[in-house]
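Values reported hereafter were calculated over all heavy atoms of this structure, with side chains retained and with hydrogens, waters and symmetry mates removed. In the text below, chain A, chain B and the rest are named by the order of the sequence lines, each starting its count at 1.
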Amino acid sequence: MNGSLTFKLLKPHNHYTILLKKSYTTAAAAAHFTQHALNHPLTSLQCGTMLQSLTNSKSVTKGQKLHAHMIVCGVLRNNTYVSTKLAAFYANCGRMAEARVIFDGIVLKSSFLWNFMIRGYACNGFSMKSLVLYREMLSFGQKADNFTYPFVLKVCGDLNLVEIGRRVHCEIVVCGLESDIYVGNCLLAMYSNFGDMEKARMVFDRMLKRDLTSWNTMIMGYVKNGDPREALVVFDLMRKSGLIADCTTLLGVLSACADSAAVKQGKAIHGYVLRNSIAHCNNFLTNSLIGMYCNCNSMVYARRLFEEVSRKDTVSWNSMISGYTKNGDAFESLRLFCRMVPEGAEPDQVTLIAVLRACDQITALHFGMSVHSYIVKKGFDENTIAGTALIDMYSKCGSLDCSRRVFDEMPKRNLVSWSAMVAGYGLHGRGSEAISIFHEMRTNSITPDEGVFTSVLSACSHAGLLDQGKEIFYSMTNKFDMRPGLAHYSCLVDLLGRAGHLDEAYELIKTMEVKPTVDTWAALLSACRLHQNVELAEISAQEVFNMDPKRVVSYICLSNIYAIEKRWDDVERVRGMVRRRGLKKPPGCSFIEVDKLHSFLM
DNA sequence: TCTCCAGTCC
């Protein structure tokens, strides 16, 4: 808060008029009181009232001045009423250290005080402390109430403490607070944070009263847990129950539309927003609409809306830029980025990361390098996500040395950064370096995830490192208690196939824990061609054609295998299949190889 | 005294 403003407001002639004016703000009133307090000692009741208004306006500096005044004139000593208000003030401003000192000095702690402290810790990033204080509250014999539980539940949700959350839920049921609408809504939010929408739905269905927040929490819960269709169903039920959607509802529903590519429903929401002039009050909503159109591949609509918006903020630009990249038009992303600064918008980290993605899509190395300079100039180069995007951009644009330099100079690396570096080496066919980065990552006590394993296995397969690849693959189950997914099996099939271990690859496909896809069999088929194994080629081709009868490349692959064996009848049979199914050969891929072989061998 | 709120990285 600006102290000088306080005194400007307090010129003698308007001293009282400020108070008398109906429109004076809480802050102005507090300013008046603060000045007054510093001149004359205040009673504890006056201090309490002032603290109340300062709590509402979160004026830290003024509150500190008042605190100093109270110390000087002794109001604070042994005064539970004022001390409680003061602790509540600090907690509400997020000054938990100060709040705690006051809190500890109060002997008779009211539930109001406990609640304010628990809330302060919960809402300012000290979730664990909040929970500890809650247990302390109970052990002090103070009962939790309808103001305590919302925050205890929030903390359980934030920290994903499933067991504790359930126990707290039981306590709530026992003391009859499940019917409290705030407590109920927080239960919904907690279970949705746990990813347990079934339980959330159970609580929701059991609620005697539901308000807009209850519905909004359920809609957002389904979206966050990857069930956008159900979110739209719930939204429909909500409308039928006669409730009017607010901004939060619309944000949730738009996310649901974006995630399920439901552009029709998205347009209906857009219409609703326009009819009710809701977008004016909320940039979030406009940006969400833009994001929805981008996710639904409706770039024309997204662009039209974007150009119509007079107050484009950085997020509007970011949504469009990443939208074009997602839809494969990286050039348009870069063109938009170039318009940003001249049109008065400030690129942020998100912008620059999105632009780097556009660069690696079209291997625009020089543009990427300029973006790199810009990142350094803006001081974003210490950011881990920006650094990771740079690693990715450089390796995809062919400059692995630059990737490595960025990687080495990063002040902080996370799993994704290591993963990007492993993938970079893999992409450039430098398998052994990929493996050594992978091992280095483990010595830095970073636990690999499925993505890193995919990268390192794919690096092994590109470089033909069979033994190392197998070792890493089996370490997934042996050392890391992870179940290999389709991508990992595919890498190993590819690796075994390329190395000529066709039978082993075949055995692997037959015994793998996930269902093989057409790509898995196609990988084996192409390995069969590499090592000329007709018998296995026929088996894998059959699997491919069963799953995807239109996969022309696989027909061509099989016919080429026959051609090498001079089995011309079979070559003709396969060509006939292609003709009968009316398939077209993709450009650059044809039977021409067979024709050459045919004439050569005849 | 309280709950729900968009966009970036493998």
How would you label the contact of [X] with the nucleic acid (heavy atoms, under 4.0 Å): base, sugar-phosphate, or nothing?
| X | answer |
| --- | --- |
| A/Asn115 | base |
| A/Asn146 | base |
| A/Tyr149 | nothing |
| A/Asp348 | base |

Could A/Glu178 and A/Arg206 be called an ion pair, given the rule that one side-chain N must be under 4.0 Å from one carboxylate O?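 So A/Glu178 pairs with A/Arg206 through a salt bridge.
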
Closest nucleotide among [options] to the [X] side chain:
| X | options | result |
| --- | --- | --- |
| A/Thr248 | B/dC2, B/dC4, B/dC9 | B/dC4 |
| A/Leu251 | B/dT1, B/dC5, B/dG7 | B/dC5 |
| A/Lys396 | B/dG7, B/dC9, B/dC10 | B/dC10 |
| A/Tyr182 | B/dC10, B/dT3, B/dA6 | B/dT3 |
| A/Asn318 | B/dG7, B/dC10, B/dT3 | B/dG7 |

Rounded to the nearest angstrom, tell me the gap between atom [atom1] in [X] and atom [atom2] in [N].
| X | N | atom1 | atom2 | result |
| --- | --- | --- | --- | --- |
| A/Leu415 | B/dC10 | CG | P | 12 Å |
| A/Glu346 | B/dT8 | CD | P | 20 Å |
| A/Asn283 | B/dC5 | CG | C1' | 14 Å |
| A/Phe235 | B/dC4 | CZ | P | 20 Å |
| A/Phe89 | B/dT1 | CZ | C1' | 16 Å |
| A/Asn287 | B/dT8 | CG | P | 12 Å |
| A/Asp145 | B/dC2 | CG | P | 13 Å |
| A/Phe116 | B/dT1 | CZ | P | 7 Å |

Would you indicate, yes or no, if B/dC9 has its OP1 or OP2 atom less than 4.0 angstrom from a side-chain nitrogen or oxygen of A/Arg357?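 So the side chain of A/Arg357 is within the cut-off, an N or O lying under 4.0 Å from OP1 or OP2 of B/dC9.
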
Phosphate contact (B/dC2 OP1 or OP2) by A/Arg119 side-chain N/O below 4.0 Å: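 Affirmative; the distance criterion is met.
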
Which residues within residues 209-225 of chain A lie with some heavy atom under 4.0 Å of an atom in DNA chain B?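 Heavy-atom cutoff 4.0 Å gives A/Thr213, A/Asn216, A/Thr217, A/Met220, A/Lys224.
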
Counting heavy atoms not belonging to A/Arg335, are there more than 12 under 6.0 Å from its CZ?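 Check passes, neighbour count above 12.
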
Whether A/Trp114 and A/Phe140 hold their rings parallel, tilted or perpendicular, with breakpoints at 30° and 60°: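 Ring orientation of A/Trp114 relative to A/Phe140: tilted.
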
Sequence neighbours excluded, which residues qualify as ring pair (Phe, Tyr, Trp, His ring centres under 6.0 Å) partners of A/Phe235?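 Result, ring pair (Phe, Tyr, Trp, His ring centres under 6.0 Å) vs A/Phe235: none returned.
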
All side chain to side chain donor-acceptor pair (under 3.5 Å) counterparts of A/Asp158, not counting sequence neighbours: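 A/Asp158 satisfies side chain to side chain donor-acceptor pair (under 3.5 Å) with A/Lys154 once adjacent residues are dropped.
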
Return the CD1 to OG distance between A/Ile118 and A/Ser130, rounded to the nearest 0.5 Å.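 It comes to 6.0 Å.
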
To the nearest 0.5 Å, how far apart are OG in A/Ser298 and CZ in A/Arg303?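 So the gap between those two atoms works out to 15.0 Å.
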
Out of A/Asn318, A/Leu254, A/Leu305, A/Val315, which residue meets the side-chain contact (heavy atoms from CB on, under 4.5 Å) rule with A/Ile290?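 Result for side-chain contact (heavy atoms from CB on, under 4.5 Å) with A/Ile290: A/Leu305.
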
Would you call A/Phe147 stacked on B/dT1, i.e. ring centres under 5.5 Å apart with the planes less than 30° off parallel?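 Check passed, A/Phe147 stacks on base of B/dT1.
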
